[in-house]
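In what follows, a single structure is set out as structure tokens and then discussed.
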Amino acid sequence: MRRYGKHTDEDDIRSRPNRKGNRPRTNIRPKHEDAAEGMVLTVDRGRLTCLVEDRVILAMKARELGRKAAVVGDQVALVGDLSGNKDTLARIVRIADRTSVLRRTADDDDPYERVVVANADQLAIVTALADPEPRPRLIDRCLVAAYDAGLTPLLVMTKSDLASPDKLLELYGHLDIPHVVTSRQELESGDAVGRVREHLDGKVTAFVGHSGVGKTTLVNALVPEDLRRSTGHVNAVTGRGRHTTTSALALPLADSDGGWVVDTPGVRSFGLAHIDPSRVINAFPDLVPGTEGCPRACSHDEKDCALDQWVADGHADPARLYSLRRLLATRERREGD
């Protein structure tokens with residue numbers, strides 16, 4: 001083995017050649033100070049459609065970002081061809097810090113988190129009053145995810161011409177959740193659009209809901225005509241809708257200054273594996289005061305839980321405690337089924 005003394009010459013040091021023949025590797029990442037700012041509108045198989053000023057740009061993620069992925073709603077910095085012309089491709093070199101992240105898992109035992117949307121202000125939970133029947137437990141799960149992400153929930157009930165909203169309003173009315181009731185005729189005539197828009201102007205709102213509840217129909221009534229998406233129908237046998245929205249897409253609110261809606265694929269379940277069970281109670285503000293008498297580290301699903309007496313004394317609806325405990329005890333079940 002050759003040994004080097006204290007005064008070795010630089011030429012005496014053996015260096016490993018770069019076998020690929022390209023420039024040496026470096027950990028110094030370029031600053032891209034001239035990068036343009038944009039917003040991710042949708043993601044499709046590694047290609048990201050972004051809005052830069054008034055141009056729609058197709059881009060890919062820079063290798064230097066590593067495994068960090070951009071999602072719908074992300075504010076990003078782009079370099080390269082930003083003309084928006086056909087067959088051009090830009091590069092995303094930075095992803096700004098997110099103000100909020102809405103996540104879900106496929107099931108409660110699925111360890112893989114899926115980011116639904118970044119930087120949203122509120123979550124519009126769309127449910128039909130009939131065809132298909134409303135699923136309160138799925139609504140509860142969406143509420144849990146919204147509160148965990150710091151989003152303001154908005155309950156939108158569709159197809160009121162087929163069934164009364166009274167039952168759901170009774171169940172969720174005391175939670176002080178903003179809500180809008182619409183019918184198919186009102187959406188077609190535009191009468192319901194104004195009532196929904198009151199909650200959307202100037203905000204980024206993600207729309208979630210079971211397939212067939214009319215979510216995309218509602219979104220189409222809110223966005224410019226040339227940006228509307230195709231809609232499907234509800235199967236008369238299964239009572240389930242057909243997935244016509246296959247990827248999340250951010251769309252500008254028509255005639256709005258800064259308002260955006262994010263249409264997401266219909267969900268059959270909303271897994272909460274990423275959420276600490278101790279935080280689930282935060283989605284039930286009507287029950288939180290009742291936990292003051294609970295023993296330390298109470299799971300709220302045990303013999304000494306103070307919530308039983310709280311509900312028995314008439315402070316909250318027993319159905320709310322049932323929903324909470326169902327989430328805590330049977331998180332492995334698919335609540336959309």
Side-chain angles (χ1 to χ4, degrees), residues 42-44 67-74 98 100-120 122-128 132-156 168 171-172 175 177 205-213 215-216 238-249 262-285 287 299-301 319-337:
T42 191
V43 181
D44 182 17
R67 300 184 65 180
K68 186 176 182 181
V71 301
V72 174
D74 266 327
R98 296 164 175 168
S100 67
V101 181
L102 177 66
R103 300 180 175 92
R104 65 178 286 261
T105 56
D107 292 294
D108 287 339
D109 56 359
D110 182 4
Y112 181 71
E113 294 181 16
R114 294 161 176 80
V115 178
V116 180
V117 62
N119 301 318
Q122 63 183 348
L123 180 65
I125 305 167
V126 185
T127 181
E133 292 297 316
R135 292 180 172 161
R137 296 187 191 96
L138 182 59
I139 298 173
D140 288 343
R141 285 173 166 260
C142 292
L143 288 173
V144 170
Y147 287 124
D148 184 73
L151 305 185
T152 301
L154 170 66
L155 184 59
V156 181
L168 278 183
L171 189 58
Y172 293 102
L175 293 181
I177 299 174
T205 305
F207 280 69
V208 299
H210 193 271
S211 300
V213 298
K215 175 174 54 62
T216 299
T238 65
R240 292 180 173 179
R242 180 169 60 90
H243 291 281
T244 55
T245 300
T246 58
S247 60
L249 174 64
V262 181
D263 190 16
T264 65
V267 295
R268 300 205 190 283
S269 65
F270 207 106
L272 302 175
H274 61 292
I275 293 179
D276 186 339
S278 66
R279 300 202 303 265
V280 175
I281 185 66
N282 295 328
F284 298 81
L287 298 178
S299 67
H300 307 307
D301 191 19
R320 304 302 296 146
L321 180 57
Y322 171 78
S323 294
L324 169 65
R325 287 179 170 168
R326 183 180 177 89
L327 291 179
L328 294 172
T330 61
R331 292 181 50 183
E332 72 279 1
R333 295 188 59 179
R334 295 171 62 91
E335 294 297 330
D337 294 339

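Note: Arg320 CZ to Leu287 CG = 7.0 Å, rounded to the nearest 0.5 Å. Expressed to the nearest 0.5 Å, how far CD1 of Ile275 lies from CG of Asp148 amounts to 4.0 Å. Atom-to-atom distance recorded for Phe207:CZ and Lys215:NZ is 9.5 Å, nearest 0.5 angstrom. Atoms SG and CG, on Cys142 and Leu155 in that order, are 10.0 Å from each other to the nearest 0.5 Å. We find the OG-CG distance between Ser247 and Asp44 to be 6.0 Å, quoted to the nearest 0.5 Å. Atoms OG1 and CG, from Thr216 and Asp263 in turn, are 4.0 Å apart once rounded to the nearest 0.5 Å.
Between Thr264 and Val116 the shortest heavy-atom distance is CG2-CG1, 3.8 Å. The two atoms that bring Pro265 and Ala248 nearest to each other are CD-N, 3.8 Å, heavy atoms only. The minimum heavy-atom distance linking Leu102 with Ala146 is given by the pair CD1-N, 4.4 Å. Counting all heavy atoms, side chain and backbone alike, Val71 lies closest to Ala118 at CG2-CB, 3.7 Å. Nearest heavy-atom pair, Gln122 versus Thr205, reported as atom, atom and distance to 0.1 Å: NE2-OG1, 2.9 Å. Taking every heavy atom of both residues into account, Val144 and Leu272 meet most closely at CG1-CD1, 3.9 Å.
The backbone N or O of Gly73 sits less than 3.5 Å from a side-chain atom of Asn119, completing a donor-acceptor pair. In this structure, the side chain of His210 does not engage the main chain of Arg135 through any donor-acceptor pair within 3.5 Å. In this structure a side-chain-to-backbone donor-acceptor pair under 3.5 Å is missing from Thr105 to Tyr112. Side-chain N or O atoms of Arg141 include one that pairs as donor or acceptor with a backbone N or O of Phe270 at under 3.5 Å.
Using a 3.5 Å distance cut-off with no hydrogens or angles, the side chains of Asp140 and Ser323 do pair a donor with an acceptor.
Side-chain contact between Leu324 and Val280 is present, with heavy atoms from C-beta onward closer than 4.5 Å. Contact check for Leu143 versus Ile177: side-chain heavy atoms found under the 4.5 Å cut-off.
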